[in-house]
Amino acid sequence: MDKIRVVGGKALTGSIPISGAKNAALPLMIASLLTDETLTLENLPRLRDVQLLFQILSNHGVDHSIQGKRNGQDEMSGQTVDLSARAIVDTTAPYELVSRMRASFWVIGPLLARMGEARVSLPGGCAIGTRPVDFFIQGLKALGAEIDIERGYAVARAPAGGLIGNRVVFPKVSVGATHTIMMAAALARGETVIENAAREPEVADVARCLVAMGARIEGAGTSTIHIEGVPRLGGARHRVLPDRIETGTYAMAVAMAGGDVVLEGASADLLEAPLETLRQAGAEIDVLNHGIRVRRNGHGIHAVSITTEPYPGFPTDLQAQLMALMTRAKGTSTITETIFENRFMHVQELARLGADIHLDGQTATINGVSTLKGAPVMATDLRASVSLVIAGLAAEGETEVHRVYHLDRGFERLEDKLTRCGAEIERISA
Ligand code: EPZ
């Protein structure tokens, strides 16, 4: 199995191109199930999760073709892909595939809306928490679906004339349930109002794409979304927005290692809370026309405390990375995780590098230390893995991060991007 070797102590200088957002790319690809015309997605990141979703979608009958490179595109440019679900050949999403990536459960919405039926495996356990799907089931039932759980599958049927618009109130903010109900409601009869909807920029991005496909949606990006169902959707061309989590991750890497890096193509509007946290931690952040410049020169890292929250709060997907940064801060910080109950697997691995972290329920208290020392560590989930790389950038000597397949799910060419900025980092293939 591949591992990543980092030798700490090098400042980062240069530029890092920011890829298209994984968490928009996945639901956008799933939206291709809603139409028999071609959906063209630009700036799709090259990630393992994207590859896996191609495979899952092709099982339902979605063909995809990756367009060739154009003059002037460098190797870091995202891909342009045509997705075409001319005929849905299978409405079952099997356990073998869904258990490998939770977001594939979201196909239940478009399949049900377009085909009137779907049989989708329940995703099962997950390293960061229990992650149930009750809000999806409640929401689809509100649109008139009948859903039974049979032998580990959610078996869903729409009423004879198709799904019917309704009011859907989520008990708690859920990104996936918002995407799914929004996609299903786009083809339902009549109006759907989603209340307590997720406000994440990726939801707004998917809504923009659906509107380009002919959907009638207002309010995406706020907590109330209105959808007036239409009988059919058509093809469209849509560019995936920049990845705010990748942006925040590299910004924290620069804050950790020191240096001066421009995050090319990043959009500061998408991550105000994390950038403000980084400023408080002592990084200098400048918003440019074409990206964000992050610097930390000379002075140390200040301790800052955060609580993860749904957007626009501090994202759970940057919690592990901030914790890595705080291990070297002057003073004590606290990090409280409110989205997932088990998203602290990186704590023990950071401790292997010399971090001083105490966990009490959902709150980690981090006492900054003056040095971290490189060691072999194990990646446990996507964001936890990258937090270990960030720690490795500032650790003395060599850190080896094992099980890097987690990283490849969500970070495109991580070691190339960091090497371009002077980091000593390499992938060692087994
Ligand atoms: C999305 O996951 C992201 N994934 C996650 O990114 C991200 O951490 C998460 O949103 C929160 O921002 C993608 O976009 C592909 P949720 P999602 O439904 O939609 C509970 C990453 O590292 N809940 O918003 O699965 C749930 O257990 C990842 O890129 C229910 O109780 O998350 C959690 O506590 C990992 N019942 C909370 O809601 C439900 O039916 C929020 O989860 C659904 C969710």
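Atoms within a ligand are numbered from 1 in the order they appear, just like the ligands themselves. FYI, the numbering just counts along the sequence from 1.
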Exercise for the section: Could you tell me whether R119 sits above the aromatic face of Y153, with NZ or CZ closer than 6.0 angstrom to the six-membered ring centre and within 45 degrees of the axis? Expected result: yes
Handout entry: Under-4.0 Å heavy-atom contact with ligand 1, by part of V175 that carries it
Key = both
Exercise for the section: Heavy-atom distances under 4.0 Å are what count here, so tell me which part of R343 touches ligand 1: side chain, backbone, both or neither. Expected result: side chain
Handout entry: Greater than 12 external heavy atoms within 6.0 Å of R427's CZ
Key = yes
Practice task
Could you tell me which atoms of ligand 1, counted from 1 in the order shown, lie closer than 4.0 angstrom to a heavy atom of W106?
Solution key: 13 (C), 14 (O), 15 (C), 19 (O)
Exercise for the section: Under 4.0 Å from a heavy atom of F136: give me the atoms of ligand 1 that qualify, with their elements. Expected result: 40 (O), 43 (C)
Completion exercise
In terms of its nearest heavy atom to atom 8 (O) of ligand 1, the top option of T178, T180, D317, D49 is D317
Practice task
Please indicate whether any nitrogen or oxygen in P132 is less than 3.5 Å from any nitrogen or oxygen in ligand 1.
Solution key: yes
Exercise for the section: Return a yes/no value for E341: is any of its N or O atoms, backbone included, closer than 3.5 angstrom to an N or O of ligand 1? Expected result: no
Exercise for the section: Identify which of D243, D381, L53, N23 has a heavy atom lying nearest to atom 3 (C) of ligand 1. Expected result: N23
Completion exercise
At under 4.0 Å between heavy atoms, what of K22 touches ligand 1? The answer is side chain
Handout entry: T338 and E309 side chains, donor-acceptor separation under 3.5 Å
Key = no
Exercise for the section: State, to 0.1 Å, how close A423 and L12 come at their nearest heavy-atom pair, and which atoms those are. Expected result: CB-CD2, 3.7 Å
Problem - Heavy-atom donor-acceptor pair, R296 side chain to M256 backbone, under 3.5 Å - result: yes
Fill in the blank from the handout: Any heavy atom of K172 under 4.0 Å from ligand 1? The part involved is side chain
Problem - Close side-chain approach of I335 and L322, heavy atoms under 4.5 Å - result: yes
Exercise for the section: Heavy-atom distances under 4.0 Å are what count here, so tell me which part of F170 touches ligand 1: side chain, backbone, both or neither. Expected result: neither
Exercise for the section: With V168 as reference, evaluate I227, L143, V193 under the side-chain contact (heavy atoms from CB on, under 4.5 Å) test and give the passing residue. Expected result: L143
Handout entry: Within-shell test, A177 vs ligand 1, heavy atom, strictly < 4.0 Å
Key = no
Practice task
Give a yes-or-no answer on whether the side chains of K417 and S15 include a donor-acceptor pair shorter than 3.5 Å.
Solution key: no
Practice task
Could you tell me which atoms of ligand 1, counted from 1 in the order shown, lie closer than 4.0 angstrom to a heavy atom of G176?
Solution key: 18 (O), 19 (O)
Practice task
Could you tell me which atoms of ligand 1, counted from 1 in the order shown, lie closer than 4.0 angstrom to a heavy atom of L382?
Solution key: 22 (O), 29 (O)
Practice task
Answer with yes or no whether the side chains of H402 and E400 bring together a donor and an acceptor at under 3.5 Å.
Solution key: yes
Fill in the blank from the handout: For R383, the ligand 1 atoms with a heavy-atom partner under 4.0 Å come out as 21 (C), 22 (O), 29 (O)
Problem - ligand 1 contacted by V173 (non-hydrogen, < 4.0 Å) - result: yes
Practice task
Could you tell me whether the side chains of S305 and S333 share a donor-acceptor contact shorter than 3.5 Å?
Solution key: no
